[in-house]
Number of protein chains: 2
Amino acid sequence: MARNKRHLEPKVKKEEIELVAMALLKEKGYDNTSMAEIARSAGVAANTIYWYFENKDHVLIAVLNRVVSHAMEEVITQREQPLRTRVLKLIAQVESSGSLMTDVHARVRHSPKVQAWHDQFHGMVEQLAVAELVNAGVGPDEAQLDAKLLIYVIEGLLAHPHKLQEREQIIDQALKRIFA
Amino acid sequence: MARNKRHLEPKVKKEEIELVAMALLKEKGYDNTSMAEIARSAGVAANTIYWYFENKDHVLIAVLNRVVSHAMEEVITQREQPLRTRVLKLIAQVESSGSLMTDVHARVRHSPKVQAWHDQFHGMVEQLAVAELVNAGVGPDEAQLDAKLLIYVIEGLLAHPHKLQEREQIIDQALKRIFA
DNA sequence: ACCTGAACACCGTTCAAGT
DNA sequence: ACCTGAACACCGTTCAAGT
């Protein structure tokens, strides 16, 4: 056999795989989503994915890029909101991508590519955070350190389940301490 | 065949498995250490581990308990040191256990037992941190929140590589902001 | 009670072959 | 260029059987 199921959409196939992978990875996480499952959901043979992606981690990275660029769009939308509101919105946003961020941290040790993606992503987020803090009145040299504090607190909130109210309290406390 | 390799030490076997597993998990992480490898290093058949442990996550938990109780002993030793010194020592200590803490976060979603272990551990650490902060002069209601901030910052430092100096700067900044 | 060999289901990945 | 069936090596876990 070896029959192309769809000679119709030649380049949409990759996108389709990414979209399906994104949904599955968000919902069930990296480890609980098999390549076979992604393939089945995309309507291709399991090994077909390997024509488009080097391996499973590269699928992850493609999904991460989608998630991040979508999150960035949302962030831009919120431009005139106060910092507190934006941070909380961002957390809610990232949280909707399930355990993806935890998965990234777990895969960093297995895959240099994921490692590279993570480092670059972290750099970008830090830059944004520094700009935010400077803009809000923190001294430029302190802003660097405070940005890390804020990011780690956000990561902590993402990694551990919290009630909405608790989450707000923690963010408020962090901002209070930074801006005291 | 099915011959006991060692009828000599009947109860030390479990401890031996735990020690071997601890070394391997610290060095190579959860995912990169197979049950077969642990068994081989312990000098038993692969499935023998399942007589002592329900599954791989239970091996993890046994190892975590060893690591934590050892860390606690160290912490007690440092009783009269200033908070800053103790926090830095603690980080260095936990860091020497490799990616174990990241592994815990990754396994939390797969195993309810690991989840339970994590929650209980987090509760204990929070209690300790609150006591530390109150003792250092933070108001009791604020201490609860500040403890979380501090823990998340420490977790962030553990999850991401940092130069020693950078690490100290970040901890100093965190303590500075909390005690301002 | 303690331990084993053999097997099972599953997984990520590869390869030679098809169109 | 794009896709597949079949196979490979590996993994955690189970089971019936041995002492």
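Every chain is numbered from 1 and lettered A, B, ... according to where its sequence line falls, protein lines coming before strand lines.
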message = If I take atom CD1 in residue B:Ile38 and atom C1' in nucleotide D:dG12, what distance separates them, rounded to the nearest angstrom?
response = 11 Å

ask   = Separation of A:Ile17 atom CD1 from D:dC3 atom C1', in whole Å?
value = 10 Å

query = Any side-chain heavy atom of A:Asp146 sitting closer than 4.5 Å to one from A:Leu149?
reply = yes

request  = Can you tell me the distance, in whole Å, between the CH2 atom of A:Trp51 and the P atom of C:dT14?
outcome  = 16 Å

Within 45° cone and under 6.0 Å: A:Lys56 NZ/CZ vs A:Tyr30 ring = yes

query = Would you say D:dC2 has OP1 or OP2 under 4.0 Å from some side-chain N or O of A:Lys14?
reply = no

request  = Using whole Å, report how far CD of B:Glu54 lies from P of D:dG12.
outcome  = 16 Å

key: Near-strand residues of residues 55-62 of chain B, defined as heavy-atom separation under 4.0 angstrom from DNA chain D   = B:Asn55, B:Lys56

key: Rounded distance (Å) that lies between atom P of C:dC10 and atom CZ of A:Arg40   = 11 Å

Sequence-distant partners of B:Phe179, ring-ring contact (aromatic ring centres under 6.0 Å, His included), two or more places apart = none

Separation of atom CD1 in B:Ile49 from atom C1' in C:dC2, rounded to whole Å = 14 Å

task = Answer yes or no: are there more than 12 heavy-atom neighbours, outside A:Lys113 itself, under 6.0 Å from its atom NZ?
result = no

Options C:dT4, D:dC3, D:dT4, nucleotide nearest the side-chain atoms of A:Tyr52 = D:dC3

query = In residues 27-37 of chain A, what residues come within less than 4.0 Å of DNA chain C, judged by heavy atoms?
reply = A:Thr33, A:Ser34, A:Met35

Any side-chain heavy-atom pair of A:Val134 and A:Val138 under 4.5 Å = no

Identify all side-chain donor-acceptor contacts of residues 86-93 of chain A below 3.5 Å with residues at least two apart in sequence or on another chain.
{"unit_1": "A:Arg86", "atom_1": "NH1", "unit_2": "A:Glu132", "atom_2": "OE1", "d": "3.4"}
{"unit_1": "A:Arg86", "atom_1": "NH1", "unit_2": "A:Glu132", "atom_2": "OE2", "d": "3.0"}
{"unit_1": "A:Arg86", "atom_1": "NH2", "unit_2": "A:Glu132", "atom_2": "OE2", "d": "2.9"}
{"unit_1": "A:Lys89", "atom_1": "NZ", "unit_2": "A:Gln78", "atom_2": "OE1", "d": "3.3"}
{"unit_1": "A:Gln93", "atom_1": "NE2", "unit_2": "A:His70", "atom_2": "ND1", "d": "3.3"}

message = Using 30° and 60° as the class boundaries, would you call the ring planes of B:Tyr152 and A:His160 parallel, tilted or perpendicular?
response = parallel

note = Atom OH of B:Tyr50 and atom P of C:dC8 are separated, to the nearest Å, by 17 Å

inquiry  = Distance alone, cut at 3.5 Å: any donor-acceptor contact between the side chains of B:His122 and B:Gln127?
reply    = no

query = Taking side chain as C-beta onward, heavy atoms only, is A:Glu155 less than 4.5 Å from A:His105?
reply = yes

Under 3.5 Å: donor-acceptor pair, side chain of A:Ser97, backbone of A:Leu100 = no

task = Can you tell me which stems DNA chain D forms, taking runs of 3 or more consecutive Watson-Crick or G-U pairs with both distances under 3.5 Å?
result = C:4-8 with D:12-16, C:12-16 with D:4-8

Under 4.5 Å side-chain linkage, directly or through intermediates, the cluster mates of A:Ile76 = none

